[in-house]
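Reviewing the structure listed below.
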Amino acid sequence: QVQLVESGGGLVQAGGSLRLDCAASGRSLSSYRVGWFCQAPGKEREFVAVINRSGDSTYYSDSVKGRFTISRDNARNTVYLQMNSLRPEDSAVYYCAISRSWSTGPAEFGSWGQGTQVTVSS
């Protein structure tokens, strides 16, 4: 069983940066693809980025491509989301989760963390 804990969220001005961490315990993350998702109030959970097991393949939503970078350190059992050039519309709760398939649908992911709030002021 993998438990995930997100951290690193906060309040930042538009144009600023944050780095989110997704730390795993219980089992090694290296066996799983890991995704980041976001959910704003009143909206469905949306795909942000996913990374493969070794970290050499990534995929992003169009809305964050070129601004966000997903990476992982399997030795630290942690996945990161570097968020640059943040916009007010990026404000949401951000979650990480694991999957054994190369998918962007939330239904294909599990072991969701509790989320970390990101708020971008204009």
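These numbers were taken from a predicted model, which means no experiment stands behind them.
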Working note: S99 + Y32, criterion side-chain contact (heavy atoms from CB on, under 4.5 Å); need CA distance, chi angles, decisive distance, verdict. CA-CA 6 Å; S99 176; Y32 303 95; over 6 Å; no
With hydrophobic residues grouped by side-chain heavy-atom distances under 4.5 Å, do W112 and I51 end up in a single group? no
Do T78 and D73 have a side chain donor and acceptor closer than 3.5 Å? no
V120 and S91 have their tightest heavy-atom pair at N-OG, 2.8 Å
Say you draw a straight line from OG of S61 to CZ of R67; how long is it, rounded to the nearest 0.5 Å? 8.0 Å
Scanning both residues in full, the closest heavy-atom pair of L20 with G9 reads CD2-N, 3.6 Å
Has N84 got a side-chain atom pairing as donor or acceptor with L18's backbone, closer than 3.5 angstrom? no
I'd like to know if D62 pairs up with K65 as an ion pair, taking the criterion as any Lys NZ or Arg NE/NH1/NH2 lying under 4.0 Å from an Asp or Glu carboxylate oxygen. yes
Same cluster (ILVMFWY, side-chain, under 4.5 Å), F37 and Y59: yes
Note, N77 side chain near S28 side chain (heavy atom, < 4.5 Å): yes
side-chain contact (heavy atoms from CB on, under 4.5 Å) assessment of Q114 paired with E6: CA-CA 7 Å; Q114 84 291 346; E6 302 93 339; 3.1 Å; yes
Walk me through it: do Q82 and S17 pass the test side-chain contact (heavy atoms from CB on, under 4.5 Å)? CA-CA 7 Å; Q82 179 66 44; S17 298; 3.9 Å; yes
Scanning both residues in full, the closest heavy-atom pair of S103 with E108 reads OG-CG, 3.1 Å
Would you give the length of the straight line joining atom CD of E46 to atom OG of S63, rounded to the nearest 0.5 angstrom? 7.0 Å
Taking atom OH as the centre, does Y60 end up with more than 12 heavy-atom neighbours from other residues, nucleotides or ligands that are less than 6.0 angstrom away? yes
Can you check side-chain contact (heavy atoms from CB on, under 4.5 Å) on C22 and L81, steps first, answer last? CA-CA 8 Å; C22 171; L81 185 69; over 6 Å; no
Shortest non-hydrogen contact from R72 to V79? CB-CG2, 3.8 Å
Linking I/L/V/M/F/W/Y whenever any side-chain heavy atoms sit under 4.5 Å apart, do V34 and M83 land together? yes
Kindly work out whether a path of hydrophobic side-chain contacts (I/L/V/M/F/W/Y, heavy atoms less than 4.5 Å apart) joins I70 to F109. no
Indicate if W36 and V93 have the same hydrophobic cluster label, given that clusters are the connected sets of ILVMFWY residues with side-chain heavy-atom separations under 4.5 angstrom. no
Please check: side-chain N/O of T58 versus main-chain N/O of V50, any donor-acceptor pairing under 3.5 Å? no
Which residue pairs pass the ring-ring contact (aromatic ring centres under 6.0 Å, His included) test with at least one member in residues 73-105, sequence neighbours excluded? none
Mind listing the closest non-hydrogen atom pair of D90 and S85 along with its distance? OD2-O, 4.4 Å
I'd like to check T116 versus S7 (side-chain heavy atoms, cut-off strictly below 4.5 Å). Are they in contact? no
Distance col, row C38:SG vs R45:CZ, nearest 0.5 angstrom, shows 10.0 Å
Where do I98 and S111 come nearest, in terms of heavy atoms and distance? CD1-OG, 3.6 Å
Spatial distance of atom CZ (R33) from atom CZ (R100) [nearest 0.5 Å]: 9.5 Å
